[in-house]
Amino acid sequence: MASSPTSSHSITATLEAAKGAINEAFFPAREAVRDALAPVSKDMLQTEVSKLKVPTDFVITEGDSFSIKPYDSAAGIEPLICFVNPKSGGCLGSEIYTKLQEILTPFQVFDLTKGGPAPGLRKFRNPENNSFYPCKILACGGDGTVGWVLSVLDAIETEQKNNAAAPATADPPVAVLPLGTGNDMARTLGTGAGWDNSEGLAHFLYSITTAKKSLLDRWKLTITPTTTTTTTTPPDSSSEVKSFIMNNYFSFGVDAKVALQFHQDRNAAPEKFKSRWGNKFHYGLLSATSMLTGQQPNIPDVSTIWVDNNNELEIEKSQAFMVTNLPNYAAGVNIWGSYPEKYGFSPQHLSDQLLEVCTVDNLAHLGSILPSAGLAHANRIAQANSLMIKINATVAMQVDGEPWEQPGPCEVKIVQHRQSPVLVVEQKSLLNVG
């Protein structure tokens with residue numbers, strides 16, 4: 001039987017969407033920011049990138065150390081402070097570190113294995129009032145590296161609040177050069193799915209000069225065990241209150257269980273997990289194995305969930321519960337899906353102060369979402385400013401890709417933490433530059 005024009009159109013649209021998803025998956029590095037890196041004249045490139053340098057006359061060298069001369073916005077400079085995780089991307093992190101020092105200066109590129117982000121950040125703070133000099137930040141690594149940099153900025157912001165003499169100034173905005181496996185933060189901020197070599201870094205830095213400032217919602221997640229005991233046995237780790245800052249997502253159930261197994265396998269044999277595509281293959285294998293073996297908990301049977309303090313959610317049979325903040329999950333998956341406004345929900349945005357609450361039926365359902373380019377999606381439940389979850393069983397959980405097994409019963413609370421400044425690359429903004 002011949003297909004109707006409507007069905008043919010639907011098939012064509014589906015194939016085109018699948019083609020786009022495959023292209024994005026198999027060309028994750030420079031291709032992901034190709035539109036943002038439109039042809040730029042060499043002179044313009046050098047001129048604009050030079051604006052990201054720390055001028056040499058602002059650097060005071062003191063033997064092997066150095067400091068930065070105090071400056072403010074009147075100085076007309078806004079250097080890019082780079083933090084590189086040399087362990088990210090195989091050996092690529094070390095290569096990126098060296099290349100950034102060549103393009104910019106050694107006074108603004110820092111190795112995160114040498115004391116973390118704090119020493120570099122403090123170089124660009126006014127010692128008299130702890131405020132930042134005008135600057136931008138580039139986090140080079142995976143989502144964990146970005147979270148690390150943001151957490152140190154949180155600590156500095158707390159110091160400023162505790163200092164009566166400190167002016168009320170915003171943190172420097174953060175951009176991301178993706179060197180991890182998932183790179184969901186970088187995808188959201190427009191800088192791509194991954195970077196596979198040090199070539200083209202000057203063009204990447206040029207895209208940062210035209211990036212737009214935005215705000216990133218961030219959330220505080222607290223897990224409190226609810227078991228009461230009268231024994232004198234010292235408490236173990238299962239009785240401790242856990243606290244996290246969530247930048248991207250939280251989940252519990254079958255997806256977190258697979259993530260936990262992957263995490264355990266990688267820790268047991270790290271030498272086998274040096275390839276981004278090898279990692280994804282292993283993850284897929286674990287998912288397939290989990291679908292074929294074992295019983296998974298039914299979310300409504302093990303939990304009760306409220307949003308915005310008092311609205312209890314009705315959850316249908318499902319094997320994973322997810323709370324997402326960004327439109328990218330588990331290496332670029334759009335869990336919330338496209339066109340949610342057709343069903344009474346809003347599209348996701350990094351600064352809407354809303355969490356997206358959803359479930360997936362099982363791993364087969366989740367698997368159908370992964371390659372769908374937004375055509376398939378999770379079961380949308382709610383959008384909320386806060387959540388409280390009571391869980392009565394031991395379950396696998398994860399926050400921003402860090403999984404663990406959480407003994408039950410426990411109570412999970414998610415509330416707003418703060419909004420952090422970030423830089424978003426508008427990929428189409430440079431297409432006419434020649």
Side-chain angles (χ1 to χ4, degrees), residues 73 78 80-81 83 117-118 121 124-125 130-139 141-163 166-178 183-191 208 210-222 243-250 307-309 322-329 335-336 340 345-357 382-388 399-402 412-426:
S73 58
E78 195 176 19
L80 183 68
I81 316 307
F83 298 96
L121 289 172
F124 291 85
R125 292 175 67 198
N130 288 329
S131 64
F132 278 101
Y133 302 136
C135 62
K136 301 174 182 176
I137 293 173
L138 179 64
D143 291 337
T145 298
V146 182
W148 189 6
V149 172
L150 290 173
S151 68
V152 174
L153 287 169
D154 286 346
I156 292 174
E157 194 260 353
T158 300
E159 289 180 17
Q160 286 181 302
K161 284 184 176 179
N162 294 335
N163 182 355
T169 57
D171 292 344
V174 177
V176 183
L177 178 66
N183 300 314
D184 289 309
M185 185 67 73
R187 294 170 192 263
T188 301
L189 300 183
T191 51
I208 298 301
T210 61
K212 294 182 179 180
K213 293 182 181 180
S214 186
L215 292 174
L216 170 69
D217 295 335
R218 300 172 63 224
W219 305 83
K220 183 176 181 180
L221 187 147
T222 306
S243 183
F244 304 87
I245 299 301
M246 185 190 91
N247 299 317
N248 193 347
Y249 62 88
F250 162 76
V307 297
D308 298 338
N309 297 324
M322 301 173 176
V323 179
T324 66
N325 183 45
L326 305 178
N328 288 288
Y329 159 90
I335 285 288
W336 192 241
F345 296 103
S346 300
Q348 281 185 294
H349 193 273
L350 72 164
S351 59
D352 59 6
Q353 300 186 53
L354 288 174
L355 291 165
E356 282 67 40
V357 182
Q383 289 178 295
N385 301 114
S386 64
L387 280 90
M388 185 174 74
V399 174
D400 290 351
E402 297 297 325
V412 180
K413 289 185 178 180
I414 307 177
V415 296
Q416 293 183 29
H417 172 54
R418 63 182 298 219
Q419 290 185 310
S420 296
V422 291
L423 291 171
V424 180
V425 171
E426 299 288 344

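We're numbering straight along the sequence, starting at 1. These numbers come from a predicted model, not from an experiment.
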Reported CG-to-CG distance for the pair D400 and N247, which is rounded to 0.5 angstrom: 5.0 Å
Test item: T145 and F83 side chains (from C-beta on) under 4.5 Å apart, heavy atoms: no
Side-chain heavy atoms of L153 within contact of S420, under 4.5 Å: no
Straight-line distance of L189 CG to L177 CG, nearest 0.5 Å: 12.0 Å
Note, P172 side chain near K136 side chain (heavy atom, < 4.5 Å): no
Gap between atom NE2 of H349 and atom CG of L216 - 0.5 Å precision: 10.5 Å
N248 side, atom CG; L350 side, atom CG - distance, nearest 0.5 Å: 11.0 Å
With sequence neighbours excluded, residues passing side-chain contact (heavy atoms from CB on, under 4.5 Å) with A118: R122, V152
Ring pair (Phe, Tyr, Trp, His ring centres under 6.0 Å) partners for F244, two or more places apart: W404
Point-to-point distance, once rounded to the nearest 0.5 Å, from CH2 of W219 to CG of L387: 8.5 Å
Nearest heavy-atom neighbours spanning C135 and F124: SG-CB, 4.5 Å
Least distance between heavy atoms, P340 atom then S346 atom: CG-O, 3.5 Å
Pair V412-M388, side chain to side chain contact (heavy atoms under 4.5 Å, CB included): steps then yes or no: CA-CA 6 Å; V412 180; M388 185 174 74; over 6 Å; no
I414 and V323, any side-chain heavy atoms less than 4.5 Å apart: yes
Counterpart residues, side-chain contact (heavy atoms from CB on, under 4.5 Å), relative to Q419 (two or more places apart): L215, D217, S351, Q353
W336: side-chain hydrogen bond (donor to acceptor under 3.5 Å, both in side chains) partners, not counting sequence neighbours: none
D308: partners by side-chain contact (heavy atoms from CB on, under 4.5 Å), with sequence neighbours left out: N311, A384, N385, S386
Gap separating the CZ atom of R125 from the CD1 atom of I156, nearest 0.5 angstrom: 4.5 Å
side-chain hydrogen bond (donor to acceptor under 3.5 Å, both in side chains) partners of D143, counting only residues at least two apart: none
With Q348 via side-chain hydrogen bond (donor to acceptor under 3.5 Å, both in side chains) - residues at least two apart: T324, E356
Donor-acceptor under 3.5 Å (Y329 side chain, D184 main chain): no
Contacts of type side-chain contact (heavy atoms from CB on, under 4.5 Å), residue S243, not counting sequence neighbours: K220, T222
Under the ring pair (Phe, Tyr, Trp, His ring centres under 6.0 Å) test, residues paired with F250 that sit two or more places apart: none
G142 versus N183, closest heavy-atom pair with distance: CA-OD1, 3.8 Å
Working for side chain to side chain contact (heavy atoms under 4.5 Å, CB included), residues L121 and I137: CA-CA 9 Å; L121 289 172; I137 293 173; 3.6 Å; yes
Exercise: identify the closest heavy-atom pair between D171 and P421: O-CG, 3.4 Å
D154: partners by side-chain hydrogen bond (donor to acceptor under 3.5 Å, both in side chains), with sequence neighbours left out: R218, H417, R418
